[in-house]
Amino acid sequence: MEMNSKKLSFEFYPPKTNLGNEKLISIAKELELLKPEYFSVTFGAGGSTKEGTFNTCLDLKEKTNIDPCAHISGGTSNKEEIKSILNSYQEAGFRRLVVLRGDLPSGVGGYGDFPYAKDLLEYIKGAYHNQFHIEVGAYPEVHPQAKSADEDFVNFSNKVKAGADGAITQFFFLPEVYYEFVERCEKENLGIPITPGLITITNKESLFRMANNCGAKIPQKIIADLDKLNDEDVTKYGIDVLTKLGEDLLSFGAPGIHFYTINKLEPTKTIVESLKL
Ligand code: FAD
């Protein structure tokens, strides 16, 4: 596959203020120059509202020329709530979704009508047929709540077979975990692109916290190197690490890269430019 056919996507979360919205649009306009396939917007993560996802997608659709991709998670919602959200996405002309289960906020008892992402995916396929291009989440290092790695893979495989068009991985730092996961998907003939999701490194503490939450292993060398660096050098170091990781993944045959931008232009922009796509 030619390097220039690689697909980029950038993930944002819905800002909580008007100023945040304005900043995000100016970042999106800069990132638009890198010719991504879509901008995705998270749903209900980190305390954001569901309306926030819709409004941010709409804003991106109106103010850039890039397709928005709305995340949707079953969470505690019932069928009616999900239907009304999907109808609003459909009416606004959104054509792409990332379909997820979501995580329960602490203190909340249980999931709603869609306990697993596969249940929501099946509902969407039944009610909306092929109106949406659907990505799902993948966990090369195993989902933290899975009973076992094998069971997690079977669950993932069943979710894909329910009609996913592609999968985006949780972030990781060891390229081998991606290679092994993709090889396993190929053996199972899953037949969908598995796009690696990469997170940028700008702050040691938040990196360690996020990696711990999602079960991403940080190689000892990276931990030791980060330990010696001040805040400014952490970002520069992170750019080198992520550029190398991106190069390795693309040479291996990854279909593209999904960046968890954390609503920042840098270091995503520099990493993409360094990849010379
Ligand atoms: P599922 O695929 O449903 O899997 C969840 C767990 O259940 C796994 O352990 C799986 O093995 C297990 N499982 C699946 N099916 C079964 C079954 N039939 N029986 C028993 N066990 C089963 N969260 C948000 O809240 N908002 C977002 O916008 C968001 N965006 C994300 C984007 C990406 C690319 C990724 C990778 C994650 C995102 N998340 C988001 C986080 C995600 O919601 C959590 O990781 C969540 O814990 C799992 O979601 P899932 O869709 O992968 O779940």
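Reckoned from all heavy atoms, side chains included, excluding hydrogens, waters and symmetry mates. Keep in mind it's a predicted model, so treat the numbers as computed, not measured. Numbers here are sequence positions counted from 1.
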Review point. If every non-hydrogen atom of Gly137 is compared with every non-hydrogen atom of Lys159, which pair is closest and at what distance?
Key: O-NZ, 2.9 Å
Exercise for review: Answer yes if Val142 and Met210 sit in the same cluster of Ile, Leu, Val, Met, Phe, Trp and Tyr residues linked by side chain heavy atoms under 4.5 Å apart, and no otherwise.
Suggested key: no
Review point. Looking at residues at least two apart in the chain, or sitting in another chain, which of them share a ring pair (Phe, Tyr, Trp, His ring centres under 6.0 Å) with Phe153?
Key: Phe181
Point to revise | Selection residues 103-112 - residue pairs positive for salt bridge (charged side-chain N to carboxylate O under 4.0 Å, His left out), sequence neighbours left out | key: Arg101-Asp103
Practice item. Assert yes or no for the condition that the ring centre distance of Phe156 to Tyr139 is strictly below 6.0 Å. Key: no
Practice item. Indicate, with yes or no, if Leu121 and Tyr116 share a hydrophobic cluster defined by side-chain heavy-atom contacts under 4.5 Å among Ile, Leu, Val, Met, Phe, Trp and Tyr. Key: no
Review point. In Å, rounded to the nearest 0.5 Å, how long is the span from CG of Leu24 to OG1 of Thr56?
Key: 6.5 Å
Review point. Checking side chain to side chain contact (heavy atoms under 4.5 Å, CB included) for the pair Val98/Cys69: CA distance, chi angles, key distance, verdict?
Key: CA-CA 7 Å; Val98 180; Cys69 171; 3.6 Å; yes
Review point. If you count the non-hydrogen atoms of other residues, nucleotides and ligands that lie under 6.0 Å from CD in Gln220, is the total more than 12?
Key: no
Check your understanding: Residues in side-chain contact (heavy atoms from CB on, under 4.5 Å) with Glu176, at least two apart?
Key -> Leu174, Glu180
Point to revise | Main-chain N/O of Phe208 paired with Asn212 side-chain donor or acceptor, under 3.5 Å | key: no
Review point. Restricting to pairs with a member in residues 204-227, which pass salt bridge (charged side-chain N to carboxylate O under 4.0 Å, His left out), not counting sequence neighbours?
Key: Glu141-Lys217, Lys221-Asp225, Asp225-Lys228
Review point. After noting the C-alpha distance and the side-chain angles of Phe10 and Ile66, does the key distance pass the side chain to side chain contact (heavy atoms under 4.5 Å, CB included) rule?
Key: CA-CA 11 Å; Phe10 299 117; Ile66 304 298; over 6 Å; no
Review point. Considering only heavy atoms from C-beta outward, does the side chain of Val160 approach that of Asn158 to under 4.5 Å?
Key: no
Would you be so kind as to tabulate the donor-acceptor pairs closer than 3.5 Å made by side chains of residues 27-39, with sequence neighbours excluded?
{"unit_1": "Glu32", "atom_1": "OE2", "unit_2": "Asn65", "atom_2": "N", "d": "2.9"}
{"unit_1": "Glu32", "atom_1": "OE2", "unit_2": "Asn65", "atom_2": "ND2", "d": "3.4"}
{"unit_1": "Glu37", "atom_1": "OE2", "unit_2": "Arg96", "atom_2": "NH2", "d": "3.4"}

Practice item. Evaluate the side-chain proximity of Val272 to Phe259: yes if any heavy-atom separation is below 4.5 Å, no if none is. Key: yes
Point to revise | Atom pair OG1/CG of Thr169 and Leu198 - distance to nearest 0.5 Å | key: 7.0 Å
Exercise for review: For Lys147 and Asp152, indicate whether the former's side chain and the latter's backbone hold a donor-acceptor pair under 3.5 Å.
Suggested key: no
Exercise for review: Could you tell me whether Asn213 atom CG has more than 12 heavy atoms of other residues or ligands within 6.0 Å of it?
Suggested key: yes
Review point. So, the side chain of Asp165 versus the backbone of His133: is there a donor-acceptor pair under 3.5 Å, distance only?
Key: no
Exercise for review: Return the set of residues passing ring pair (Phe, Tyr, Trp, His ring centres under 6.0 Å) with Tyr179 (not counting sequence neighbours), or none when no residue passes.
Suggested key: Phe252
Review point. Going by heavy atoms in the side chains, are Thr202 and Ile262 under 4.5 Å from each other?
Key: no
Exercise for review: Measure from the side-chain N and O atoms of Asn263 to the backbone N and O of Tyr13, and report whether any donor-acceptor pair falls under 3.5 Å.
Suggested key: yes
Practice item. Nearest 0.5 Å please: distance from the CG atom of Leu120 over to the CD1 atom of Ile72. Key: 5.5 Å
Study note, to complete from the structure: Contacts of Asp248 meeting salt bridge (charged side-chain N to carboxylate O under 4.0 Å, His left out) (sequence neighbours excluded), chain-then-number -> Lys244
**Study point:** Smallest separation among heavy atoms of Lys6 and Gly256, with atom names
**Key:** CB-CA, 4.2 Å
Exercise for review: Could you state whether Ile271 and Leu277 fall into the same hydrophobic cluster, counting links through intermediate Ile, Leu, Val, Met, Phe, Trp or Tyr residues with side-chain heavy atoms under 4.5 angstrom apart?
Suggested key: yes
Practice item. Check the pair Asn21, Leu19 against side chain to side chain contact (heavy atoms under 4.5 Å, CB included), reporting the backbone distance first and the verdict last. Key: CA-CA 5 Å; Asn21 288 332; Leu19 184 62; over 6 Å; no
Check your understanding: What's the shortest heavy-atom distance between Ser274 and Thr243, and which atoms?
Key -> CB-CG2, 3.5 Å
Practice item. Would you indicate whether Lys83, at its atom NZ, is surrounded by more than 12 heavy atoms from other residues, nucleotides or ligands within a distance under 6.0 Å? Key: no
Point to revise | Contacts of type ring pair (Phe, Tyr, Trp, His ring centres under 6.0 Å), residue Tyr128, not counting sequence neighbours | key: Phe132
Exercise for review: Report the residues that fulfil side-chain contact (heavy atoms from CB on, under 4.5 Å) with Thr76, sequence neighbours left out, ordered by chain and then residue number.
Suggested key: Leu104, Val108
Practice item. Give the intermediate values and the outcome of side chain to side chain contact (heavy atoms under 4.5 Å, CB included) for residues Lys236 and Ile239. Key: CA-CA 5 Å; Lys236 283 189 208 144; Ile239 289 172; 5.6 Å; no
Review point. Quick check: does any side chain N or O of His143 sit under 3.5 Å from a backbone N or O of Gln145, one acting as donor and the other as acceptor?
Key: yes
Review point. Around atom CD of Glu232, are there more than 12 heavy atoms of other residues, nucleotides or ligands at under 6.0 Å?
Key: no
Check your understanding: So do Thr42 and Phe12 actually touch side chain to side chain, heavy atoms under 4.5 Å?
Key -> no
Practice item. State, yes or no, whether a side-chain contact exists between Val99 and Glu135 at a heavy-atom distance under 4.5 Å. Key: no
Study note, to complete from the structure: Minimal heavy-atom distance between Gly112 and Pro115, with the atoms involved, is O-CD, 4.1 Å
Exercise for review: Only pairs at least two apart or in different chains count here, so list each salt bridge (charged side-chain N to carboxylate O under 4.0 Å, His left out) that has a residue in residues 256-266.
Suggested key: none
Check your understanding: Just how far is it from atom OG1 of Thr268 to atom CD1 of Ile257, taken to the nearest 0.5 Å?
Key -> 10.5 Å
Check your understanding: Who passes salt bridge (charged side-chain N to carboxylate O under 4.0 Å, His left out) against Lys187, sequence neighbours left out?
Key -> none
Practice item. Carefully, step by step, assess His71 and Thr53 under the rule side chain to side chain donor-acceptor pair (under 3.5 Å). Key: CA-CA 8 Å; His71 294 209; Thr53 308; over 6 Å; no
Revision key, fill the gap. Heavy-atom nearest pair, Ser148 first then Glu151, reads OG-N, 3.0 Å
**Study point:** Gap separating the CG atom of Leu97 from the OH atom of Tyr89, nearest 0.5 angstrom
**Key:** 7.5 Å
Review point. Does one side chain, of Asn130 or Lys125, offer a donor that lies under 3.5 Å from an acceptor on the other?
Key: yes
Check your understanding: Are Phe172 and Ile199 side-chain neighbours, meaning at least one heavy-atom pair lies under 4.5 Å?
Key -> no
Practice item. Report whether Val136 and Tyr111 are members of the same hydrophobic cluster (ILVMFWY, side-chain heavy atoms less than 4.5 Å apart, transitive linking). Key: no
Review point. Within a strict 4.5 Å, meaning less than it, do heavy atoms of the Pro267 and Leu242 side chains meet?
Key: no
Review point. Quick one: ring pair (Phe, Tyr, Trp, His ring centres under 6.0 Å) partners of His258, sequence neighbours excluded?
Key: Tyr260
Point to revise | Asp113 side chain near Glu80 side chain, heavy-atom distance below 4.5 Å | key: no
Practice item. Kindly compute the distance separating OG1 (Thr235) from CG (Leu229), expressed to the nearest 0.5 Å. Key: 10.0 Å
